[in-house]
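Below is one structure, written out as structure tokens; comments come after it.
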Amino acid sequence: MTLTTELKETQTIELKATQSKVHAVTVFQADRAEVVRIFKVDLKSGQNEVDISQLPTVLDEDSIRVDGVGSAVISDVIYHPPTSNDSDKKHEEAVKELQKERSILEQELAIYKKQEGILQSYSETLKGADTDGHKLSEFLDVYAKRQSAIDEKVRELNAKVEEIDEKIKKEGELWSADKEGKKRATRVTVIVYAEEEGEAEIRLTYSKSLFPQA
């Protein structure tokens, strides 16, 4: 007689608190509130890991309660505290580096603008009556070539400045997004057992500071 043991894989379900429904908010004190969020999940028979992210950073670990409705049987709740994040320093250094690159480009632009001014000033000192026709023609050829080279370089440098400005803008947007993310850096993993496959409801209750978003 042969005994066969069937091992079922654990299903992982990833949820974001910001995309869930706030079922209730109860204010207990001037600066504290209890929040109840409801999540609807499709469970497989056996063990399921429900990972809930984007919970408030100021969430009180000891206040966490999780209840299962329907076929959901809660076997464990794992609290993941916010991790240390030095993204502010990273973004600040990135912006400083980009600004340094922009400053170098602006210095190069200033040099070419000065050359352009010198070329223009010199051309204005020439008078047709006092200048040999052949020499004037040579100067005009040199002037045209030099002015064309300066114009091309100025266009190239201006394009690089615009590119740097766009990078600075995007870095600023990432910085702002990271700052918002730090407000919701807590995560909770709920181990749920289901006798059979189907939809279930998970009710998450926690206390937090009243002022940041729920």
Ion pair check, Asp60 and Lys208, cut-off under 4.0 Å: no

Pairing residues for Glu97 by the side-chain contact (heavy atoms from CB on, under 4.5 Å) criterion, not counting sequence neighbours: Lys100, Glu101

Non-neighbouring partners of Lys153 that pass salt bridge (Lys or Arg N to Asp or Glu O under 4.0 Å), sequence neighbours left out: Glu156

Residues which pass side-chain contact (heavy atoms from CB on, under 4.5 Å) with Glu106, listed by chain and number, not counting sequence neighbours: Arg102

side-chain hydrogen bond (donor to acceptor under 3.5 Å, both in side chains) against Gln115, all qualifying residues, sequence neighbours excluded: Arg146

By side-chain hydrogen bond (donor to acceptor under 3.5 Å, both in side chains) - contacts of Asp151 (at least two apart): Gln147

Residues in side-chain contact (heavy atoms from CB on, under 4.5 Å) contact with Ser20, at least two apart in sequence or another chain: Arg37, Phe39

Distance (rounded to the nearest 0.5 Å) between Ile64 CD1 and Thr205 OG1: 10.5 Å

With sequence neighbours excluded, residues passing salt bridge (Lys or Arg N to Asp or Glu O under 4.0 Å) with Lys145: none

Within residues 64-82 or reaching into it, pairs that qualify as salt bridge (Lys or Arg N to Asp or Glu O under 4.0 Å) - sequence neighbours excluded: Glu34-Arg65

Listed partners of Val69 passing side-chain contact (heavy atoms from CB on, under 4.5 Å), at least two apart: Glu201

Any residue meeting side-chain hydrogen bond (donor to acceptor under 3.5 Å, both in side chains) with Ser63, in chain and number order, not counting sequence neighbours: none

Counterpart residues, salt bridge (Lys or Arg N to Asp or Glu O under 4.0 Å), relative to Lys169 (two or more places apart): none

Name of the residue among Leu15, Ile52, Val190 meeting side-chain contact (heavy atoms from CB on, under 4.5 Å) with Leu204: Ile52

